[in-house]
Amino acid sequence: MRTCVIFNPVARGNKARHFRRWLDGVSTQCTLKPTAGPSDARRLATQAVTENFELIVAAGGDGTVNEVLNGIGDAPDGLTRSRLGVLPLGTVNVFAKELKIPPQIPDAWEILQRGREMKIDLPCVEFSANGKTERRFFIQLAGAGLDARAIELVSWQLKKKAGPLAYVVAGFQALSERQPKISVRANGQEWSGELVLIGNGKLYGGRFKVFPAADYCNGLLDACIFPRVNLWTLLRCAPGFLLRKKLPERVVHRLRAEKFDLTSETPAAFELDGEWVGNLPATFSVERQKLRVVIP
């Protein structure tokens, strides 16, 4: 199976340094494609499809996985021609955790070499940017409101030093601002909230099961709507969230649908797979079992 690995050659941290040394040992088994800058992984993934690579591996975090996914999707018939693989090198690696891909790179590589394939649902979002309609895929989750604003505010220097703690700091900063009211339309119903999370898988932010009933293969997305987001909401959520890795159901509304329309009368940011993308309005939908991924 022809394999290429897309990675950031200037990534910092011990894991990245070990990964670069490890690459020397597998360079004969694959083609290495280092990125040259932000968003370059998307271009390289499209190129890899046109070069007939059967397995395209995203070596990085959830943001890198998202870029590689969209690059595969950009190529003609890319989603049928190539599989997506993951080597988890990021801060959180939610998608890799969901698939139970081990964090040790040699072990993850062994899984990729065995090549067991699974077809999973592929969500996408349509929105306007600079007067044009854009379409982006995501693989694990999307969020609008507080979490997207927190991602927008994250100090990348702090993220390199403190890891996930940087998101906590940015979250409290975002919490101090006035929260936009977001309208959610699906299945002929309409709800509103200050934070809307949309899941393809069960996990959010690591090992937290925010979408406990989600299924990668059911052709549906799960939405978790927080009517209010303030310090009191956090205090109500904290015990269950931290101890049981779950949300208390009394603080959220849950919806399941093939499509969600999100709007807001005031600026409201949204994110995909932990990366800030733009502002609402946006339409989130899903195609059933469209993406080929390699799993344990």
S.K.: Name all residues meeting the ring pair (Phe, Tyr, Trp, His ring centres under 6.0 Å) criterion together with Phe284; count only those two or more places apart in sequence or in a different chain, and write none if there are none.
M.R.: Phe270
S.K.: Closer than 3.5 angstrom, by distance alone: can the side chain of Asp273 be matched with the main-chain N or O of Val65 as a donor-acceptor pair?
M.R.: no
S.K.: Can you tell me if Asp121 uses its side chain to pair, donor with acceptor, with the backbone of Asn218 under 3.5 Å?
M.R.: yes
S.K.: Name the residue from Lys119, Lys259, Arg135 that meets the salt bridge (charged side-chain N to carboxylate O under 4.0 Å, His left out) definition with Glu287.
M.R.: Arg135
S.K.: Would Gln189 and Leu255 count as a side-chain contact (heavy atoms from CB on, under 4.5 Å) here? Give the steps.
M.R.: CA-CA 9 Å; Gln189 296 177 293; Leu255 295 174; 3.6 Å; yes
S.K.: Between the main-chain N or O of Ile111 and the side-chain N or O of Arg116, is there a donor-acceptor pair closer than 3.5 Å?
M.R.: no
S.K.: Can you hop from Val94 to Val286 via hydrophobic side chains spaced under 4.5 Å?
M.R.: no
S.K.: If you group Ile, Leu, Val, Met, Phe, Trp and Tyr by side-chain heavy-atom gaps below 4.5 Å, do Leu203 and Ile120 land in one group?
M.R.: no
S.K.: Do Val252 and Leu141 belong to the same hydrophobic cluster, where Ile, Leu, Val, Met, Phe, Trp and Tyr are linked whenever their side-chain heavy atoms lie under 4.5 Å apart, directly or via other members?
M.R.: yes
S.K.: Is there a donor-acceptor pair closer than 3.5 Å between any side-chain N or O of Lys97 and the backbone N or O of Val92?
M.R.: yes
S.K.: Could you go step by step and tell me if Cys124 and Ser285 meet the side-chain contact (heavy atoms from CB on, under 4.5 Å) rule?
M.R.: CA-CA 6 Å; Cys124 72; Ser285 60; 3.4 Å; yes
S.K.: So, Glu194 and Arg228, do they make that salt bridge, N to O below 4.0 Å?
M.R.: yes
S.K.: How long is the gap from NE2 on His253 to CZ on Arg250, to the nearest 0.5 Å?
M.R.: 14.0 Å
S.K.: So does Thr80 get a backbone contact from the side chain of Arg292, meaning a donor-acceptor N/O pair under 3.5 Å?
M.R.: yes
S.K.: May I have all residue pairs that pass salt bridge (Lys or Arg N to Asp or Glu O under 4.0 Å) and include part of residues 57-80, sequence neighbours excluded?
M.R.: Arg42-Asp74
S.K.: Same hydrophobic cluster for Leu99 and Ile72, using side-chain heavy-atom links shorter than 4.5 Å among ILVMFWY?
M.R.: yes
S.K.: For side-chain contact (heavy atoms from CB on, under 4.5 Å), just list the numbers for Phe138 and Leu122, CA-CA rounded to whole Å, side-chain angles, deciding distance to a tenth of an Å, and then say yes or no.
M.R.: CA-CA 7 Å; Phe138 61 103; Leu122 180 59; over 6 Å; no
S.K.: Under 3.5 Å, side chain of Asp215 to main-chain N/O of Cys217, donor-acceptor pair present?
M.R.: yes
S.K.: Please evaluate residues Arg81 and Asn52 with respect to the criterion side chain to side chain donor-acceptor pair (under 3.5 Å), reporting the C-alpha separation (whole Å), side-chain torsions for both, the decisive distance (0.1 Å), and the verdict.
M.R.: CA-CA 8 Å; Arg81 294 167 62 184; Asn52 296 316; 3.1 Å; yes
S.K.: Residues two or more places apart in sequence or in another chain: which of them pass ring pair (Phe, Tyr, Trp, His ring centres under 6.0 Å) with Trp276?
M.R.: none
S.K.: Does the plane of the ring in Tyr216 sit parallel, tilted or perpendicular to the ring in Phe95? Use 30° and 60° as the thresholds.
M.R.: perpendicular
S.K.: With a 4.0 Å cut-off, would you call Glu54 and Arg83 a salt bridge?
M.R.: no
S.K.: Would you compute the distance between atom OG of Ser39 and atom CG of Asn70 and round it to the nearest 0.5 angstrom?
M.R.: 10.0 Å
S.K.: Look at the side chain of Thr266 and the backbone N and O of Pro180, then say whether any donor-acceptor pair between them is shorter than 3.5 Å.
M.R.: no
S.K.: Considering residues at least two apart in sequence or located in another chain, which fulfil the side-chain contact (heavy atoms from CB on, under 4.5 Å) criterion with Thr263?
M.R.: Ser183, Arg185, Pro281
S.K.: Strictly by side-chain hydrogen bond (donor to acceptor under 3.5 Å, both in side chains), give each pair with a member in residues 101-113 just once, sequence neighbours left out.
M.R.: Gln29-Trp109
S.K.: Looking only at atom types and distance, does a side-chain atom of Lys202 sit under 3.5 Å from a main-chain N or O of Ala214, one as donor and one as acceptor?
M.R.: yes
S.K.: Using modelled atom types only, decide if a donor and an acceptor are shared between the side chain of Arg2 and the backbone of Thr31 within a distance under 3.5 Å.
M.R.: no
S.K.: Residues two or more places apart in sequence or in another chain: which of them pass salt bridge (Lys or Arg N to Asp or Glu O under 4.0 Å) with Glu51?
M.R.: Lys33
S.K.: What is the distance from atom CG of Asn200 to atom CD of Gln140, rounded to the nearest 0.5 Å?
M.R.: 7.0 Å
S.K.: Examine Phe127 and Leu221 and state if one hydrophobic cluster contains both, with Ile, Leu, Val, Met, Phe, Trp and Tyr joined whenever side-chain heavy atoms are less than 4.5 Å apart.
M.R.: yes
S.K.: Between Ile6 and Val57, does a side-chain contact (heavy atoms from CB on, under 4.5 Å) hold up when you go through it step by step?
M.R.: CA-CA 6 Å; Ile6 297 172; Val57 178; over 6 Å; no
S.K.: Among Asp261, Ile198, Val196, find the residue that satisfies the side-chain contact (heavy atoms from CB on, under 4.5 Å) test when tested with Val184.
M.R.: Val196
